[in-house]
Amino acid sequence: MSILQVENIKKSFGNVEVLKDISFSLEKGEVLSIIGSSGSGKTTLLRCLNFLEFAENGKIIVDDELLVDFALHDKQNEAALRQKRLNFGLVFQSFNLFPQYSILKNLTLAVELLEGVKKKDKEKVKEINNRALELLKRVGLEDKVDAYPCQLSGGQQQRVAIARALMLSPKILCFDEPTSALDPELTGEVLRVIRELRDGNTTMIIVTHEMNFAKNVSDKVIFMADGIIEEVGSPADLFENPQSPRLKEFLSSSLKD
């Protein structure tokens, strides 16, 4: 049974049609990688899934529940919007950590605000802190709990961002080019964490330019070009037996780089 169904998503910026009738589905525990050249619509699609952008048309269905029909959606209902976003966790390429807060606070802040937790609620604060510590240990950063983002490497900051996204227990974890801001040495440590999440049966959507990673970690790969899904299939299908001339050209260029 599909955990996610995306139906007929269309999105334009002015007169430029960026997403042209995008549809796909994702099973629970699956890892979907989305590849394609810059400007193909990958990040815009991810932002529409997380309601950071609003499509003009299309539906998002999670666990057989209609989350949004963009043609009918009331963008002004912020409370409902926040609830819808909880289905998805998003890890940005630029980390987006709060520089003024410790690593622990970066993880706990959203949960405390969402649940209205006050300092006097000591048991609840302890429970949230313990959850954060467990996740920091999971990404190998339990010794950085009192550090600040400026004291961490880019790879460590991205691992904190992954742990923070997991704090709210999203049904689907989304990554927008999670290694694009990192040098090759730091890229490896972030990819290892994502691979471990995959082994833990986490459902993920990953926009990536790391072809070898997409090939090795994905259950399904989507190749986008000019706002459409040009080709979709298993990693073996797309990387070893591409059908579309556009995909063949893209892979030839990517592997050459």
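By convention here, the first residue in the shown sequence is residue 1.
Side chain of Asn57 to backbone of Asn8: a donor-acceptor contact under 3.5 angstrom is found. Judged purely by atom type and a 3.5 angstrom limit, Lys20 uses its side chain to pair as donor or acceptor with the backbone of Asp226. Looking at Ser153, its side chain does come within 3.5 Å of a backbone N or O of Gln156 through a donor-acceptor pair. Of the possible polar contacts, one joining the Ser40 side chain to the Ser37 backbone as a donor-acceptor pair under 3.5 Å is found. A donor-acceptor distance shorter than 3.5 angstrom exists from the side chain of Asn106 to the backbone of Tyr101, with no hydrogens or angles considered.
Counting only heavy atoms from C-beta outward, the side chains of Thr203 and Lys171 never approach each other to under 4.5 Å. The shortest distance between side-chain heavy atoms of Leu4 and Val6 falls below 4.5 Å. You'll find the side chain of Glu210 reaches within 4.5 Å of the side chain of Thr187, heavy atoms only. The side-chain heavy atoms of Phe175 and Val207, taken from C-beta on, include no pair separated by under 4.5 Å. Considering only heavy atoms from C-beta on, Lys42 stays 4.5 Å or farther from Leu46 through its side chain. Phe92 has its side chain within reach of Leu52: a pair of non-hydrogen atoms, C-beta onward, lies under 4.5 Å apart. Using a 4.5 Å heavy-atom cutoff, the side chains of Asp219 and Arg198 are in contact. When side chains are defined from C-beta on, Ser234 does not count as touching Val221, because their heavy atoms never get closer than 4.5 Å.
When hydrophobic clusters are built by joining Ile, Leu, Val, Met, Phe, Trp and Tyr residues whose side-chain heavy atoms come closer than 4.5 Å, directly or via intermediates, Leu109 is not grouped with Val117. Criterion: ILVMFWY side-chain heavy atoms under 4.5 Å apart, direct or through other members. Under it, Ile205 and Val190 are not part of a common hydrophobic cluster. If you chain together hydrophobic residues whose side chains sit under 4.5 Å apart, Phe88 and Ile3 fall into the same group. Ile206 and Leu182 fall within the same hydrophobic cluster, where Ile, Leu, Val, Met, Phe, Trp and Tyr residues are linked whenever their side-chain heavy atoms come under 4.5 Å apart, directly or through other members. Both Val62 and Phe24 belong to a single network of hydrophobic side chains, linked directly or stepwise wherever heavy atoms of I, L, V, M, F, W or Y lie under 4.5 Å apart.
The nearest pair of heavy atoms linking Ile35 to Ala214 is CG2-CB, 4.4 Å. Listed here is the closest heavy atom pair of Ala165 and Leu173: CB-CD1, 3.6 Å. Annotation for Leu238 and Gly233: closest pair CD1-N, 3.2 Å, computed over non-hydrogen atoms. Residues Val91 and Ile162 come closest through the heavy atom pair CG2-CA, 3.9 Å. Here the shortest heavy-atom pairing between Gly41 and Leu19 reads O-CD2, 3.4 Å. Among all heavy-atom pairs drawn from Tyr148 and Gln100, the shortest one is CE2-O, 3.5 Å.
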Let's go through Arg85 and Asn50 carefully: what are the C-alpha distance in whole Å and the side-chain angles of both, what is the deciding distance for side-chain contact (heavy atoms from CB on, under 4.5 Å) to 0.1 Å, and is it a yes or a no? CA-CA 6 Å; Arg85 282 196 180 119; Asn50 286 271; 5.7 Å; no
side-chain contact (heavy atoms from CB on, under 4.5 Å) for Ile34 and Leu32? Distances and angles first, verdict last. CA-CA 7 Å; Ile34 304 177; Leu32 167 68; 4.3 Å; yes
Verify side chain to side chain donor-acceptor pair (under 3.5 Å) between Asp176 and Thr43, making sure each step is shown before the conclusion. CA-CA 7 Å; Asp176 182 16; Thr43 293; 2.9 Å; yes
Apply side-chain contact (heavy atoms from CB on, under 4.5 Å) to residues Asp146 and Ser102 and explain how you reach the verdict. CA-CA 6 Å; Asp146 295 320; Ser102 70; 5.5 Å; no
Please assess Leu90 against Arg47 for the test side-chain contact (heavy atoms from CB on, under 4.5 Å), listing each intermediate value before the final yes or no. CA-CA 9 Å; Leu90 180 58; Arg47 290 176 64 84; 5.6 Å; no
Could you walk me through whether Ser2 and Glu27 pass side chain to side chain donor-acceptor pair (under 3.5 Å), step by step? CA-CA 4 Å; Ser2 298; Glu27 302 298 312; 3.0 Å; yes
Do Glu231 and Lys248 pass the salt bridge (Lys or Arg N to Asp or Glu O under 4.0 Å) test, and can you show the C-alpha distance, the side-chain angles, and the key distance before you say yes or no? CA-CA 11 Å; Glu231 198 164 331; Lys248 291 177 182 178; over 6 Å; no
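The list of ring-ring contact (aromatic ring centres under 6.0 Å, His included) pairs with a residue in residues 199-238, not counting sequence neighbours, reads Phe223-Phe250.
Considering CG of Leu186 and OG1 of Thr179, their distance stands at 10.5 Å, rounded to 0.5 Å. Here the CD-NZ distance, from Glu7 to Lys59, works out to 6.0 Å after rounding to the nearest 0.5 Å. Between atom CG of residue Asp69 and atom CG of residue Leu67 there is a gap of 11.5 Å, rounded to the nearest 0.5 Å. Residue Asp199 holds its CG atom at 12.5 Å from CD1 of Ile194, rounded to the nearest 0.5 Å. Atom CD of residue Glu17 and atom CD of residue Glu56 lie 8.5 Å apart, to the nearest 0.5 angstrom. Put simply, CG on Asn216 and CE on Met211 are 12.0 Å apart, with the number rounded to the nearest 0.5 Å.
Using modelled atom types, one finds a donor on one side chain and an acceptor on the other under 3.5 Å when comparing Gln93 with Ser180. Between the side chains of Ser244 and Glu230, at least one donor N or O lies within less than 3.5 Å of an accepting N or O.
At most 12 non-hydrogen atoms from other residues, nucleotides or ligands lie less than 6.0 angstrom from CD of Glu185. Within a 6.0 Å radius of CD in Gln151, more than 12 heavy atoms belonging to other residues, nucleotides or ligands are found.
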Listing, residues 127-145 side-chain donor-acceptor contacts under 3.5 Å, not counting sequence neighbours, or none:
from: Glu127; atom 1: OE2; to: Lys124; atom 2: NZ; distance (Å): 3.3
from: Asn130; atom 1: ND2; to: Lys126; atom 2: O; distance (Å): 3.3
from: Arg131; atom 1: NH2; to: Leu166; atom 2: O; distance (Å): 2.9
from: Arg131; atom 1: NH2; to: Ser169; atom 2: OG; distance (Å): 3.4

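Between Phe54 and Phe70, the ring planes lie perpendicular to each other; the angle is over 60°, past the 30° to 60° tilted range.
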